[in-house]
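Before any comments, here is the structure.
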Amino acid sequence: EGAQEMATSSAAEKFGALTSKELSGGHRKKVHSVAWNCTGKRLASGSVDQTARIWSVEALTKEVELKGHNASVDQVCWDPTNQDVLATVSADKTVKVWDARSGKCTNTIDTSGENINLCWSPDGKALAVGNKNDAITIIDTKMWKPVKVTKFSFEVNEMAWHPKGELFFLTTSLGTVEVVKYPDFKQFRTIVAHTAANYTIKFDPCEKYFAVGSADALVSLWELSEWACVRTFTSLTCPVRTVSFSYDGQYLASGSEDQFIDISHVETGTSVHKVPVDNAAPINSLAWSPKQLLLAYAGDSKDTHDKDTGSLFIFGFPNTATK
């Protein structure tokens, strides 16, 4: 216990000395999604302004603007096996694949509905796309063609592949996590996770846990080997929209309409830091870098005239104002 308390207080001290920096000159409307590539050198963002952007993390500047969608870009996701390939989904019923170096769209895949969720299989061979009609399309990334469409009878929110790739997890409005076998989508098990809708799910990089964020303002942590809930994180008071594990699996960040982002210690469930959010903007997306303790986040930021600013931030830089 003592060692864990020390770890918690030193983490609180460490995060307390850090601050956020804004990536400026960016989107013209609010940002819905942020994602790091596998090297952690680039960050992608997708916005209501119908563009995606790629940023150099080192320089904190925009490298390239990705234009081509005709509606809001609701999620961006990098190929886990290729640092230069990004996929984006939009309400315009397409999935687009981009070369991050040139900013060129290399493939456009037409789908049946307005797309809102996207995830890449761990081996990079498939993309899963979820739409507003609760249908999930699996796209083969060799041929860039849809190979399977599965319609669900309940509201499907965020989804994720098991790190080994053989199971596929879906969060639902029923408070459950549906686990199906991949690729046949046969029912494997139902996890009753929360009493309200589940919005977000992430696996930790150590492949020990997954976390589920819910409308009941809780985040639950599940052990993969036992399928058991080991603890809940209770710092937020509003529905949890987005969660992310740090690269070392030690910390879990969660975002909501609360006026802060919570960072908690995974093994104890203790909150170690609250990242203040500018103008208390609801957080739409957050993601830890795969290589270091940098947390990208974006929300419904507005300026003093109540106009969308499209702001994007990275937390984790030394606060030069503090001694």
Side-chain angles (χ1 to χ4, degrees), residues 35-38 75-83 85-87 89 95 97 109 111 115-131 134-194 198-214 219-230 243-249 252 266 287-288 290:
W36 300 81
N37 74 345
C38 57
Q75 204 158 11
V76 295
C77 198
W78 293 89
D79 181 338
T81 65
N82 187 327
Q83 63 179 13
V85 176
L86 179 78
V89 292
V95 180
V97 185
I109 302 104
T111 58
N115 302 311
I116 45 176
N117 284 307
L118 174 69
C119 69
W120 217 298
S121 66
D123 61 8
K125 290 179 179 170
L127 263 178
V129 183
N131 69 22
D134 307 310
I136 291 179
T137 303
I138 301 290
I139 293 164
D140 177 314
T141 61
K142 265 209 169 54
M143 307 180 294
W144 294 113
K145 294 236 175 359
V147 289
K148 185 178 185 65
V149 180
T150 308
K151 176 94 170 74
F152 291 89
S153 59
F154 42 78
E155 188 181 299
V156 174
N157 294 315
E158 221 171 67
M159 51 208 179
W161 257 278
H162 184 289
K164 301 274 184 282
E166 292 154 12
L167 295 171
F168 189 75
F169 290 59
L170 311 137
T171 58
T172 80
S173 60
L174 311 169
T176 61
V177 177
E178 296 297 331
V179 186
V180 295
K181 290 181 179 169
Y182 183 79
D184 64 15
F185 268 61
K186 286 205 167 64
Q187 171 73 21
F188 179 71
R189 71 185 332 154
T190 297
I191 299 164
V192 181
H194 291 268
N198 295 328
Y199 293 138
T200 178
I201 182 168
K202 290 292 184 308
F203 286 88
D204 92 287
C206 310
E207 300 182 12
K208 187 177 173 187
Y209 301 117
F210 62 95
V212 179
S214 167
V219 178
S220 57
L221 185 75
W222 297 78
E223 208 160 49
L224 256 178
S225 55
E226 304 288 324
W227 299 96
C229 180
V230 282
V243 295
S244 179
F245 285 96
S246 60
Y247 76 96
D248 54 6
L252 183 72
V266 170
W288 286 102

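Count residues from 1 along the sequence. Remember, it's a predicted structure, so these values are computed and weren't measured experimentally.
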### Task
Compare every heavy atom of Ala287 with every heavy atom of Trp36, then report the nearest pair and how far apart it is.
NE1-O, 2.8 Å

Contact between [X] and [Y] at the side-chain level, heavy atoms closer than 4.5 Å - yes or no?
X      : Y      : result
Phe185 : Ile138 : yes
Val219 : Val212 : no
Pro163 : Pro122 : no

Looking at [X], I'd like to know if its [atom1] atom is crowded, meaning that more than 12 non-hydrogen atoms belonging to other residues, nucleotides or ligands lie closer than 6.0 Å.
X      : atom1 : answer
Lys151 : NZ    : yes
Lys148 : NZ    : yes
Gln187 : CD    : yes

### Task
List the steps and the verdict of side-chain contact (heavy atoms from CB on, under 4.5 Å) for His194 and Thr176.
CA-CA 7 Å; His194 291 268; Thr176 61; over 6 Å; no

Spell out, as yes or no, whether a donor-acceptor pair under 3.5 Å connects the side chain of [X] to the backbone of [Y].
X      : Y      : result
Asn198 : Gly175 : yes
Asn131 : Ala135 : yes
Asn117 : Val129 : no
Trp78  : Ala35  : yes

Value rounded to 0.5 Å, distance of [atom1] in [X] from [atom2] in [Y]:
X      : Y      : atom1 : atom2 : answer
Thr150 : Asp134 : OG1   : CG    : 12.5 Å
Thr172 : Phe154 : OG1   : CZ    : 6.0 Å
Ser121 : Trp161 : OG    : CH2   : 5.0 Å
Trp120 : Thr81  : CH2   : OG1   : 7.5 Å
Cys119 : Leu127 : SG    : CG    : 8.0 Å
Asn37  : Gln83  : CG    : CD    : 6.0 Å

### Task
Start with the C-alpha gap between Thr171 and Val156, add the side-chain angles, then the distance that decides, and say whether side-chain contact (heavy atoms from CB on, under 4.5 Å) holds.
CA-CA 6 Å; Thr171 58; Val156 174; 5.9 Å; no

### Task
Quick one: sort the Phe168 and Tyr182 rings into parallel, tilted or perpendicular, breaks at 30° and 60°.
tilted

### Message
Could you go through Val97 and Val85, starting from their C-alpha distance and side-chain angles, then the distance that decides it, and tell me whether this counts as side-chain contact (heavy atoms from CB on, under 4.5 Å)?
### Response
CA-CA 7 Å; Val97 185; Val85 176; 3.7 Å; yes

Contacts table for residues 201-208: side-chain donor-acceptor under 3.5 angstrom, sequence neighbours left out:
from: Lys202; atom 1: NZ; to: Glu158; atom 2: OE1; distance (Å): 2.9
from: Asp204; atom 1: OD1; to: Glu207; atom 2: N; distance (Å): 3.3
from: Asp204; atom 1: OD1; to: Lys208; atom 2: N; distance (Å): 2.7
from: Asp204; atom 1: OD1; to: Tyr209; atom 2: N; distance (Å): 2.7
from: Asp204; atom 1: OD2; to: Cys206; atom 2: N; distance (Å): 3.0
from: Glu207; atom 1: OE1; to: Lys164; atom 2: NZ; distance (Å): 2.7

### Task
Could you go through the side-chain contact (heavy atoms from CB on, under 4.5 Å) check for Phe169 and Met159 one step at a time?
CA-CA 5 Å; Phe169 290 59; Met159 51 208 179; over 6 Å; no

